[in-house]
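Per chain, numbering begins at 1; letters A, B, ... match sequence-line order. Keep in mind it's a predicted model, so treat the numbers as computed, not measured.
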There are 2 protein chains.
Amino acid sequence: MVETHKLTKNQKLVVEALKSAEGPLSAYAILEELRPHGVKAPLQVYRALDKLMELKLIHKVESMSAYVACVQPDCHTHKTVGFAICSSCNGVQELPENVVSLHLDNWAQETGFVRSGIALEVRGTCKTCRENEAAEACC
Amino acid sequence: MVETHKLTKNQKLVVEALKSAEGPLSAYAILEELRPHGVKAPLQVYRALDKLMELKLIHKVESMSAYVACVQPDCHTHKTVGFAICSSCNGVQELPENVVSLHLDNWAQETGFVRSGIALEVRGTCKTCRENEAAEACC
DNA sequence: GAACCAATGTAATAATATAACAAGTCAAGA
DNA sequence: TCTTGACTTGTTATATTATTACATTGGTTC
Ligand SMILES: [Zn+2]
Ligand SMILES: [Zn+2]
Ligand SMILES: [Zn+2]
Ligand SMILES: [Zn+2]
């Protein structure tokens with residue numbers, strides 16, 4: 001378990017909402033979910049999201065403008081975050097780092113660009129959706 | 001030259017605006033730029049952007065909600081698009097495909113996920129900005 | 001307690017993107 | 001030629017995502 005004991009009230013609420021969610025949630029979806037707990041304004045959510053991203057307890061899926069809890073216990077130790085997003089069901093899986101092996105070092109050397117982080121988003125169709133589509137087609 | 005002759009009036013305006021821009025432009029920045037040419041509403045821009053992305057003449061930089069003209073003549077032939085984005089000056093470079101070598105095949109095989117496209121965004125600091133910062137620091 | 005800093009609350013607004021519908025364009029095909 | 005249908009366009013309104021600005025609270029340090 002990552003250290004959650006330093007988190008503030010709003011940060012805990014937000015990270016727990018993301019952990020218990022099926023998939024990525026938008027900031028406003030989180031807000032709606034947390035209204036019963038006293039969260040009233042977008043900014044409360046956005047501030048918590050910012051801090052949680054800094055701590056790498058959550059990630060933003062840029063192409064969806066949505067947020068997910070990190071599934072890797074040591075994600076804060078590496079610079080690469082990747083997701084596989086199903087275009088059919090919008091399901092999102094976080095890719096383990098070893099899957100995302102990038103050969104950018106030569107390019108960085110040549111251009112003098114110093115990497116601080118990488119966001120990778122793989123689009124496609126998940127197994128479940130392909131099977132469903134196949135089943136529909138054959139009737 | 002890629003075939004631009006099939007493009008509609010609005011599509012041509014948008015792609016030319018992006019080609020002549022220094023860096024990525026937001027949809028609304030494009031709109032302002034094209035007002036003198038008769039473009040009046042966001043949808044005219046968004047519709048053109050959608051079609052141009054489909055044709056892979058332009059790309060969306062997801063993490064900036066901005067759009068750039070493609071610099072690779074054959075970008076429509078491959079599935080990977082990558083950018084290096086400087087956190088300091090917001091400059092964006094499109095990465096050549098051979099730089100972005102991904103080892104996702106095993107993972108895809110195991111999980112049954114079929115890739116249709118990849119968006120990769122490398123964050124960091126460009127050479128120019130690092131040099132400027134170094135120059136400031138040493139005075 | 002006073003001074004300080006970080007976190008909070010609240011309202012207003014900015015920036016990005018889409019829905020809904022009316023109207024024009026253009027190329028088959030009767 | 002006229003009609004049909006697919007596609008593109010124009011326009012208004014609205015939804016969604018994110019930030020600015022400022023007043024307030026709560027604990028820590030001196
Ligand atoms: Zn992670
Ligand atoms: Zn799926
Ligand atoms: Zn390209
Ligand atoms: Zn730079």
Side-chain angles (χ1 to χ4, degrees), chain A residues 3-18 21 23-55 57-68 83 85 87 90 92 119 121 123, chain B residues 3-18 21 23-55 57-68 83 85 87 90 92 119 121 123:
Chain A
E3 37 173 358
T4 37
H5 53 279
K6 282 183 182 175
L7 299 180
T8 67
K9 181 187 130 212
N10 286 348
Q11 286 160 13
K12 277 184 209 159
L13 285 169
V14 169
V15 77
E16 288 307 324
L18 287 175
L25 295 179
S26 75
Y28 279 75
I30 297 169
L31 174 58
E32 286 315 309
E33 195 157 308
L34 296 183
R35 273 196 198 282
H37 298 82
V39 179
K40 288 176 184 171
L43 201 47
Q44 297 175 272
V45 175
Y46 279 110
R47 285 201 274 232
L49 289 172
D50 283 346
K51 179 57 87 175
L52 292 167
M53 282 193 283
E54 206 180 303
L55 299 173
L57 295 176
I58 67 169
H59 305 293
K60 179 173 184 181
V61 184
E62 295 285 357
S63 65
M64 300 178 80
S65 294
Y67 305 83
V68 284
F83 304 95
I85 307 167
S87 305
N90 279 331
V92 171
E121 307 199 350
R123 291 258 169 194
Chain B
E3 37 172 356
T4 37
H5 52 279
K6 282 183 182 174
L7 300 180
T8 67
K9 180 187 130 211
N10 287 347
Q11 287 160 13
K12 277 184 209 159
L13 285 169
V14 169
V15 77
E16 288 308 323
L18 287 175
L25 295 179
S26 75
Y28 279 74
I30 296 169
L31 175 57
E32 287 315 309
E33 194 157 311
L34 297 182
R35 273 194 199 283
H37 297 82
V39 180
K40 289 176 183 170
L43 247 197
Q44 297 176 270
V45 174
Y46 280 109
R47 285 202 273 233
L49 288 171
D50 283 347
K51 180 57 86 172
L52 291 168
M53 283 193 283
E54 205 180 303
L55 299 173
L57 294 177
I58 67 171
H59 305 294
K60 180 173 186 182
V61 184
E62 294 285 357
S63 65
M64 301 178 77
S65 294
Y67 306 82
V68 284
F83 303 97
I85 306 168
S87 305
N90 278 331
V92 171
E121 307 202 349
R123 290 258 171 195

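- Here B:E62 pairs with B:K60 under the salt bridge (Lys or Arg N to Asp or Glu O under 4.0 Å) rule; sequence neighbours left out.
- Residues in residues 34-49 of chain A take part in these salt bridge (charged side-chain N to carboxylate O under 4.0 Å, His left out) pairs, two or more places apart or across chains: A:E32-A:R35.
- Residues passing the side chain to side chain donor-acceptor pair (under 3.5 Å) test with B:S87, sequence neighbours excluded: none.
- For B:A27, the side chain to side chain contact (heavy atoms under 4.5 Å, CB included) partners are B:V45, B:Y46, B:L49, B:Y67, not counting sequence neighbours.
- Along DNA chain C, read 5' to 3', the first and last nucleotides having any atom under 4.0 Å from a heavy atom of chain B are C:dT16 to C:dA20.
- Scored by the side chain to side chain contact (heavy atoms under 4.5 Å, CB included) test, A:L55 finds A:L7, A:K51, A:L57 as partners (sequence neighbours excluded).
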For this session: List the protein contact pattern of nucleotides 8-20 of chain D with one symbol per nucleotide (5' to 3'): B for base contact, S for sugar-phosphate-only contact, - for none; contact means a heavy-atom distance under 4.0 Å.
Result: SBBBB----BBBB
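- Residues meeting the side chain to side chain donor-acceptor pair (under 3.5 Å) test with A:E121, sequence neighbours left out: A:S63.
- In this structure, A:A119 has no side chain to side chain contact (heavy atoms under 4.5 Å, CB included) partners at least two apart in sequence or on a different chain.
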